[in-house]
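These numbers come from a predicted model, not from an experiment.
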There are 2 protein chains.
Amino acid sequence: MLTNARLVYQPHDQVRILNAAISRAHDICEAANVRLTPTREAILKLLWQGHQPMGAYQLQQQLAKVSEKPIAPPTIYRAIEFLIDLGLVHRIHSLNAYIGCPFPSSEHSNIFMICEKCNTVAEVSDKRVNNLLEAITDKVGFKLHSQTIELFGLCPNCEPGDSDE
Amino acid sequence: MLTNARLVYQPHDQVRILNAAISRAHDICEAANVRLTPTREAILKLLWQGHQPMGAYQLQQQLAKVSEKPIAPPTIYRAIEFLIDLGLVHRIHSLNAYIGCPFPSSEHSNIFMICEKCNTVAEVSDKRVNNLLEAITDKVGFKLHSQTIELFGLCPNCEPGDSDE
DNA sequence: ATATATATGTAATATTATAACATCACTTAC
DNA sequence: GTAAGTGATGTTATAATATTACATATATAT
């Protein structure tokens with residue numbers, strides 16, 4: 001089971017982690033022979049910060065604060081598509097929003113845990129889920145290609161009961 | 001494991017099934033003390049026919065063919081919301097579309113199998129998936145409330161290999 | 001230095017969804 | 001049977017999300 005739950009739910013050195021992630025993103029792009037341009041990198045950073053999903057127009061607003069020139073929707077959407085194709089970003093369909101992938105380059109199918117209170121999104125990948133879904137779809141003759149699993153609930157920090165872990 | 005896969009993937013008496021379903025919908029509404037108005041019923045029928053998800057504006061177009069007066073988006077969306085609240089209809093987030101629920105009134109969390117070729121959507125409910133997701137989320141301290149599972153692939157009729165079952 | 005491919009700019013518009021307020025239609029109580 | 005109250009729909013406008021088409025700019029390789 002692969003997850004970024006600790007990272008999301010516990011305090012950590014944001015800057016160091018982010019820099020490491022960006023550095024890895026550059027490596028991935030280099031390996032794929034594609035360019036991580038300033039706009040793309042800026043968007044990726046935003047989608048990695050705070051572990052909160054952001055919509056395209058929200059990204060646009062944030063970018064406006066940094067960049068001198070306003071960036072139009074097509075550029076945003078193109079950058080998002082680029083990052084998704086590389087596995088650096090995921091789309092959260094139920095929110096029409098996007099979030100940075102904590103473990104890019106690793107082949108995995110994701111389960112997103114979306115906190116209904118603080119909006120953080122943590123990701124977990126578990127082979128057992130895939131195996132089970134394979135078994136279920138096999139049984140009815142459905143050939144599984146890809147999947148979207150989005151879970152709603154309360155993260156440890158927002159769950160009133162106990163805040164252990 | 002509860003599924004409508006056979007119903008979706010194999011030929012069947014559309015009219016009879018649909019009438020039975022509508023009849024059950026009326027019962028459900030009566031039990032809940034709410035009204036299944038003509039517009040709501042028309043939309044429900046459309047979302048049960050063909051086992052294909054339809055968008056709100058697609059529904060609007062289809063309704064225009066039947067009804068004399070055109071029905072505006074708010075009415076469509078209100079009817080959809082009504083039907084979803086009753087469990088008669090589900091939203092497919094990844095398609096921004098809606099589909100009739102084959103087993104309303106039964107408490108279940110759904111897995112949707114979306115055919116990438118013919119667009120049919122079959123539904124399956126399996127307790128093992130829920131149990132597994134509960135276990136996984138428990139482990140990281142996430143309190144699971146609800147879920148969205150959307151699978152993409154090829155239905156038995158579109159899968160080139162074998163068309164058994 | 002030029003040709004090519006890649007990325008972004010720009011304007012317009014498509015698609016999906018909702019807000020605000022008016023009207024209509026059913027239900028219930030008197 | 002009518003008025004009051006609730007629930008449903010009509011109407012207009014608009015918000016929010018996403019894409020198309022075409023022009024321009026920037027980087028890369030020859």
Side-chain angles (χ1 to χ4, degrees), chain A residues 25-26 28-44 46-47 52-64 66-86 88-99 119 148 150, chain B residues 25-26 28-44 46-47 52-64 66-86 88-99 119 148 150:
Chain A
H26 274 285
I28 289 170
C29 287
E30 195 155 348
N33 204 31
V34 293
R35 282 183 291 162
L36 190 60
T37 62
T39 302
R40 289 167 175 173
E41 184 177 327
I43 288 175
L44 182 56
L46 286 170
L47 292 178
Q52 303 230 349
M54 298 180 75
Y57 285 79
Q58 219 177 331
L59 284 167
Q60 188 187 30
Q61 287 181 339
Q62 293 302 314
L63 287 172
V66 186
S67 158
E68 58 280 6
K69 285 191 181 176
I71 295 175
T75 301
I76 309 275
Y77 281 102
R78 285 187 286 227
I80 290 170
E81 189 187 11
F82 170 89
L83 295 168
I84 288 176
D85 287 348
L86 275 173
L88 293 167
V89 159
H90 293 297
R91 174 168 189 180
I92 310 287
H93 283 104
S94 54
L95 302 177
N96 288 331
Y98 309 88
I99 191 150
N119 291 318
T148 286
E150 296 171 7
Chain B
H26 274 286
I28 288 170
C29 287
E30 195 155 350
N33 203 32
V34 294
R35 281 183 292 163
L36 191 59
T37 62
T39 302
R40 289 169 174 173
E41 184 176 329
I43 288 174
L44 183 55
L46 287 170
L47 292 178
Q52 302 229 350
M54 297 180 75
Y57 286 81
Q58 219 176 330
L59 284 167
Q60 187 186 30
Q61 287 181 339
Q62 293 302 314
L63 287 172
V66 184
S67 158
E68 57 281 6
K69 286 191 179 176
I71 294 175
T75 300
I76 309 276
Y77 280 102
R78 285 187 286 227
I80 290 170
E81 189 187 11
F82 170 89
L83 296 167
I84 288 175
D85 286 348
L86 275 173
L88 293 166
V89 158
H90 292 296
R91 173 165 189 182
I92 310 286
H93 282 104
S94 54
L95 301 178
N96 288 330
Y98 309 88
I99 191 149
N119 291 319
T148 286
E150 297 171 7

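- Side-chain atoms of E150(A) do not come within 3.5 Å of backbone N or O of I92(A) as any donor-acceptor pair.
- Summary of helix geometry: the two end axes of the helix from dA1(C)-dT30(D) to dC30(C)-dG1(D), each defined by five base pairs via their C1' atoms, are inclined to each other by 20° (rounded to 10°).
- Annotation: side chain to side chain donor-acceptor pair (under 3.5 Å) contacts involving residues 66-78 of chain B, sequence neighbours excluded, are absent.
- Spacing between atom CZ of R40(A) and atom C1' of dA27(D) amounts to 12 Å, rounded to whole angstrom units.
- Here the P atom of nucleotide dA18(D) and the NE2 atom of H93(B) are 13 Å apart, to the nearest Å.
- To the nearest 0.5 angstrom, R91(A) atom CZ is 14.0 Å from I99(A) atom CD1.
- For the OP1/OP2 pair of dT6(C) and a distance below 4.0 Å, the side-chain nitrogens and oxygens of T37(A) include no atom meeting the criterion.
- With hydrogens and angles disregarded, no donor-acceptor distance shorter than 3.5 Å links the side chain of Q60(A) to the backbone of I76(A).
- When heavy atoms are screened at a 4.0 angstrom cut-off, R78(A) is found touching base atoms of the nucleic acid.
- The CD-P distance, from Q61(A) to dT17(D), rounds to 10 Å in whole Å.
- For dG7(D), the OP1/OP2 oxygens have no side-chain nitrogen or oxygen of R35(B) closer than 4.0 Å.
- With values rounded to the nearest 0.5 angstrom, F82(A) atom CZ is found 11.0 Å from I43(A) atom CD1.
- One distance of note links CD of Q58(B) with CG of L63(B); it measures 11.5 Å at 0.5 Å rounding.
- Using modelled atom types, one side-chain atom of R40(B) and one backbone atom of R35(B) make a donor-acceptor pair closer than 3.5 Å.
- Taking side-chain N and O atoms only, T75(B) has a distance below 4.0 Å to OP1 or OP2 of dG10(D).
- Expressed to the nearest 0.5 Å, how far NE2 of H90(A) lies from OG1 of T148(A) amounts to 10.5 Å.
- Computed from coordinates, the I71(A) CD1 to dT19(D) C1' distance equals 18 Å when rounded to whole Å.
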Table of protein N/O atoms under 3.5 Å from nucleotides 16-19 of chain C N/O atoms:
| unit_1 | atom_1 | unit_2 | atom_2 | d |
| --- | --- | --- | --- | --- |
| dA17(C) | OP1 | R91(B) | NH2 | 2.3 |
| dA17(C) | OP1 | Y98(B) | OH | 3.4 |
| dA17(C) | OP2 | Y77(B) | OH | 2.9 |
| dA17(C) | OP2 | Y98(B) | OH | 3.1 |
| dA17(C) | O5' | Y77(B) | OH | 3.3 |
| dA17(C) | N7 | Y57(B) | OH | 2.6 |
| dA17(C) | N6 | Y57(B) | OH | 3.1 |

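- Taking atom CD of Q60(A) as the reference point, atom C1' of dA18(D) lies 12 Å away to the nearest angstrom.
- The CG atom of L83(A) lies 10.5 Å from the CD1 atom of I28(A); values are rounded to the nearest 0.5 Å.
- Rounded to an integer number of Å, the gap from L59(A) CG to dA18(D) P is 11 Å.
- With rounding to whole Å, K69(A) atom NZ is found 13 Å from dT26(D) atom C1'.
- Between N33(B) atom CG and dT6(D) atom P the separation is 15 Å, expressed in whole Å.
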